[in-house]
Amino acid sequence: MKPIHPKCMECLHWRINAIITIPICDAFPKGIPDEIFYNNADHTIPFPGDNEIRFEPIEDLTNSNKR
């Protein structure tokens with residue numbers, strides 16, 4: 001079985017919190033829904049309860065100074 005790599009971990013809004021053992025982000029501060037966390041829903045479009053915050057990829061810092 002192929003391991004799941006949640007796309008959430010590539011999002012600008014992803015939050016790491018050592019105290020909370022559930023995945024959280026700015027859109028879902030009480031816990032990311034399984035449908036999103038396990039890549040079964042596209043969070044570039046609205047999802048119930050997302051506080052109008054959508055997936056935004058983290059900028060590749062190694063390319064940010066290239067023009």
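Because the structure is predicted, anything quoted here is derived from the model rather than measured.
Under the 4.5 Å side-chain criterion, counting only non-hydrogen atoms from C-beta, His13 is not in contact with Arg54. In this structure, Pro6 and Tyr38 have side chains that are not in contact, with every pair of non-hydrogen atoms separated by 4.5 Å or more.
In terms of modelled atom types and a separation under 3.5 Å, the side chain of Asp50 and the main chain of Ala27 share no donor-acceptor contact. Remark: the backbone N or O of Lys7 is paired with a side-chain donor or acceptor of Asn39 at under 3.5 angstrom.
Ile45 and Phe55 sit in two unconnected hydrophobic clusters of ILVMFWY residues. Membership requires side-chain heavy atoms under 4.5 Å apart, directly or through other members.
Between His43 and Phe28, a ring centre-to-centre spacing shorter than 6.0 Å is recorded.
Nearest heavy atom pair, residue Gly31 against residue Ile22, reads CA-CD1, 3.8 Å.
Here CH2 of Trp14 is found 4.5 Å from CZ of Phe37. Values are rounded to the nearest 0.5 Å. Here Ile53 contributes atom CD1 and Leu12 contributes atom CG; the two are 10.0 Å apart, rounded to the nearest 0.5 Å. To the nearest 0.5 Å, atoms CG (Asp26) and CD1 (Ile32) are separated by 9.5 Å. Atom CG in Asp34 sits 10.0 Å away from atom CD1 in Ile36 (nearest 0.5 Å). A distance of 7.5 Å separates CD in Glu35 from CG in Asn40, rounded to the nearest 0.5 Å.
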